[in-house]
Amino acid sequence: MIDIKLLRDDPQKIRTALKKRNLDIDLESIIELDTRRRASITEIQELKSKRNALSEEIGRLKQQGKEPKKLMEQARSLAEQIKLKEDEGREIDVAFGDAVQWLPNIPHESVPVGTGVESNKFIRGLTHAPEPDFEVLPHWDICEALDILDLKRAPKISGSRFILYKGKGALLERALINFFLDLHTTKNGYTEIFPPVLNPTECLYGTGQLPKLESDMYRCRDDALYLTPTAEVPLTNIHRDEVLLEKQLPINYVAYTPCFRREAGSYGKEVRGITRVHQFNKVELVKYTTPEKGYAEFEKMLADAEATVKALQLPYRVMLLSTGDLTFASAITYDIEVYAPGMKEWLEVSSISCYEQYQARRANIRYRRPTGGVDFVYTMNGSGLATPRTFIAIVENYQTKDGRIAIPEVLREYMHADSIDK
RNA sequence: GGAGAGGUGGCCGAGUGGUCGAAGGCACCCGCUUGCUAAGCGGUUUCUCGUCGAAAGACGGGACGGGAGUUCGAAUCUCCCCCUCUCCGCCA
């Protein structure tokens with residue numbers, strides 16, 4: 001949630017942000033609602049103040065054994081007025097609350113302004129796609145040939161766009177998850193969490209998936225629970241409604257979870273293979289920091305995510321997303337993309353986003369400053385990494401001319417082998 | 001799923017209709033004291049919203065798991081929901 005004080009103090013800042021994001025939201029009517037909301041609050045407060053004074057007087061008189069009928073009558077009529085005004089106020093409140101939930105975060109000043117991926121900015125890494133000296137098979141062909149993915153039978157179990165790993169494929173998937181977790185816990189200073197993946201509505205509002213992405217999530221029929229779309233949701237909600245101590249910060253969490261996405265409306269593109277699926281595995285990083293240290297920690301997180309592709313020796317580049325590609329709740333996002341020479345495409349394997357205080361306001365995550373006072377923390381998260389596309393990148397980049405897949409050095413201890421072959 | 005007990009401030013914990021925002025303790029911060037560590041003494045410190053203010057702040061509303069209700073007045077009474085603990089049932 002944005003800071004609603006901005007609505008009164010600096011609405012231009014919000015207008016600019018909305019424009020940068022190419023969004024057409026009627027801000028004036030939200031400001032109008034806020035004005036009405038505050039007027040209603042003031043009115044109710046004055047009535048209550050009067051009633052409280054009367055009640056106190058009544059209490060005093062009663063203790064003296066008197067029965068102040070007239071005062072009680074007055075108080076009763078005040079109470080009735082209050083009830084009416086409160087009902088009115090509640091309606092305004094709900095309308096305002098709903099509207100404000102749809103205001104996205106304000107992009108960081110360094111974020112390039114644009115309408116989509118074409119405006120994303122190259123930060124570092126490879127400027128050109130590497131060209132192998134032989135014809136690399138796309139992952140769906142090589143994996144079928146080596147019998148490590150069963151793309152034909154997966155739909156039988158769950159439907160299209162689900163992955164069935166098999167044999168060395170399943171092992172490779174598990175190896176990736178273990179490698180990422182080990183790297184982040186032993187070298188990068190994250191605490192491992194293994195959270196539940198069914199999350200209630202409040203959690204999804206807290207991190208900002210709701211209300212916007214309602215149709216993109218799987219929901220349980222009989223309970224108000226959603227299958228988590230990313231471990232960001234459980235990890236960021238661990239400290240929902242808490243006041244942390246400054247000395248506890250930064251908090252660094254890493255978790256492996258499966259992630260579930262309906263991907264509604266995304267059909268028609270990228271249909272082959274396993275680049276876009278309904279269930280995938282991901283190791284996710286989440287940090288809570290003070291505002292002061294937020295961006296330093298954010299850069300560290302980017303480096304932590306980048307360390308994975310470096311260790312796997314995959315061709316990659318880091319992109320800074322433009323306002324047209326930036327998600328709703330994020331102030332700034334870097335993507336790490338790896339190149340898949342079989343598909344001849346750059347694939348996003350990690351998204352590293354800083355939310356500043358946006359999620360903390362929604363989820364009410366604060367910390368106590370040693371000098372006194374409380375403030376909202378900064379939250380941020382990044383994939384480290386999502387496996388299916390990393391899997392693709394390995395299978396395609398480590399393919400050999402004779403149709404085997406070599407194993408990246410750092411994964412050999414997990415795979416107990418140097419290559420996957422028939 | 002059934003029965004019982006309970007959910008109070010950053011934490012622990014008293015409080016069953018009216019000066020209770022809430023005793024006491026811990027923690028924190030400030031000062032003093034004791035030649036270190038530890039401790040002792042005194043004092044301070046809830047959060048949130050609205051109005052006014054450049055600010056410091058002032059005034060007022062609200063908050064005792066969440067929501068609705070009874071009442072002039074609710075931490076305290078009633079109802080619904082959530083969570084925790086104990087017992088029973090079921091079960092990977």
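Sequence lines set the chain letters: A, B, ... in the order given, protein chains first and strands last, and positions in each chain run from 1. Just so it is clear, the model here is predicted, and its values are computed rather than measured.
- C30(B) and C85(B): their C1' atoms are spaced 41 Å apart (whole Å).
- Of the listed nucleotides (C72(B), G62(B), C47(B)), C72(B) has the atom at the smallest distance from the side chain of Arg76(A).
- Judged purely by distance below 3.5 Å, without hydrogens or angles, the side chains of Thr228(A) and Asn199(A) pair a donor atom with an acceptor atom.
- Whole-Å rounding puts the Asp241(A) CG to C82(B) P distance at 18 Å.
- Distance, Lys62(A) NZ to U19(B) C1': 17 Å, rounded to whole Å.
- Contact of the Asn120(A) side chain with the Leu321(A) side chain is registered, since non-hydrogen atoms from C-beta on lie closer than 4.5 Å.
- Taking atom P on both nucleotides, G7(B) is separated from G66(B) by 13 Å, rounded to a whole Å.
- In this model, the phosphate group of G50(B) is approached by a side-chain N or O of Arg8(A) to a distance below 4.0 Å at OP1 or OP2.
- Distance check, rounded to the nearest 0.5 Å: CG of Leu314(A) to OG1 of Thr390(A) gives 7.5 Å.
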(request) Evaluate the side chain to side chain donor-acceptor pair (under 3.5 Å) criterion for residues Tyr288(A) and Gln248(A): first the C-alpha distance (whole Å), next the side-chain angles of each, then the deciding distance (0.1 Å), finally the verdict. (result) CA-CA 9 Å; Tyr288(A) 303 67; Gln248(A) 289 176 266; over 6 Å; no
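- Between the CG atom of Leu245(A) and the P atom of C28(B) there is a distance of 10 Å, given to the nearest Å.
- Remark: the separation of the C1' atoms in A5(B) and U44(B) is 38 Å, to the nearest Å.
- The side chain of Ser55(A) lies closest to G18(B), out of G61(B), G50(B), G18(B).
- Residue Ile405(A) forms a side-chain contact (heavy atoms from CB on, under 4.5 Å) with just one option from Asn397(A), Leu172(A), Ile420(A), and that option is Ile420(A).
- Atom CD1 in Ile82(A) sits about 13 Å away from atom P in G69(B), given to the nearest Å.
- In this structure, of G50(B), C47(B), C72(B), it is C72(B) that holds the atom nearest to the side chain of Met72(A).
- Here the closest heavy-atom approach between residue Lys62(A) and residue Pro68(A) is recorded as CG-CD, 4.2 Å.
- In this structure, the side chain of Thr207(A) does not engage the main chain of Gln209(A) through any donor-acceptor pair within 3.5 Å.
- Mapped onto RNA chain B by nearest heavy atom, Arg38(A) and Leu71(A) fall at different nucleotides, with Arg38(A) at the one closer to the 5' end.
- With Tyr253(A) as the fixed residue, the side-chain hydrogen bond (donor to acceptor under 3.5 Å, both in side chains) test singles out one of Lys287(A), Glu284(A), His239(A), His184(A): His239(A).
- When distances are taken from the side chain of Arg51(A) to each of U46(B), C49(B), C72(B), the shortest belongs to C72(B).
- Comparing the C1' positions of A14(B) and C72(B) gives an interatomic distance of 29 Å, to the nearest angstrom.
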Hey, can you pull the donor-acceptor pairs under 3.5 Å for the side chains in residues 99-106 of chain A, sequence neighbours left out?
unit_1	atom_1	unit_2	atom_2	d
Gln101(A)	OE1	Arg362(A)	NH2	2.6
Asn105(A)	ND2	Ala329(A)	O	2.9
Asn105(A)	ND2	Tyr355(A)	O	3.1

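- U45(B) and U33(B) have their P atoms separated by 23 Å, with the value rounded to a whole Å.
- Distances from the side chain of Ser49(A) to the nucleotides C47(B), G50(B), G61(B) place G61(B) closest.
- Contact annotation: side chain of Glu56(A) to base of G18(B), donor-acceptor pair absent below 3.5 Å.
- Taking atom C1' on both nucleotides, U34(B) is separated from G40(B) by 8 Å, rounded to a whole Å.
- Nearest-nucleotide positions on RNA chain B place Gln63(A) closer to the 5' end than the other of Ala75(A) and Gln63(A).
- In this structure, Arg366(A) reaches the sugar-phosphate backbone alone: every heavy-atom distance under 4.0 Å involves primed, P, OP1 or OP2 atoms, never a base.
- Within the 4.0 Å cut-off from OP1 or OP2 of C47(B), at least one side-chain nitrogen or oxygen of Arg368(A) is found.
- Judged purely by distance below 3.5 Å, without hydrogens or angles, the side chains of Thr379(A) and Gln359(A) pair a donor atom with an acceptor atom.
- Atom P of nucleotide G17(B) and atom CD1 of Ile58(A) are separated by 19 Å, given to the nearest angstrom.
- The CG atom of Asp141(A) lies 9.0 Å from the SG atom of Cys143(A); values are rounded to the nearest 0.5 Å.
- Scanning RNA chain B for stems, defined as runs of 3 or more consecutive Watson-Crick or G-U wobble pairs whose donor-acceptor distances all fall under 3.5 Å, gives the following ranges: B:1-7 with B:82-88, B:10-12 with B:24-26, B:29-32 with B:40-43, B:46-52 with B:57-63, B:65-69 with B:77-81.
- An OP1 or OP2 oxygen of A68(B) is reached within less than 4.0 angstrom by a side-chain nitrogen or oxygen of Arg90(A).
- Note on Lys83(A): only backbone sugar-phosphate atoms sit closer than 4.0 angstrom, heavy atoms only; bases stay farther off.
- When the C1' atom of G66(B) is taken as reference, atom CG of Asn364(A) falls 14 Å away, rounded to whole Å.
- Closest non-hydrogen pair, Ala311(A) versus Val410(A), comes out as O-CG2, 3.6 Å.
- Comparing A23(B) with C79(B), their P atoms sit 30 Å apart, to the nearest whole Å.
- Nucleotides A27(B) and C82(B) are separated by 30 Å at their C1' atoms, to the nearest Å.
- A straight line from CD of Glu80(A) to C1' of G73(B) spans 15 Å, rounded to a whole angstrom.
- Side-chain atoms of Asn52(A) lie closest to G62(B) of the nucleotides G50(B), C47(B), G62(B).
- Per the geometry, OH belonging to Tyr367(A) stands 16 Å off C1' belonging to C28(B), to the nearest Å.
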With 3.5 Å as the limit, what N/O pairs link the protein to nucleotides 25-27 of chain B?
none

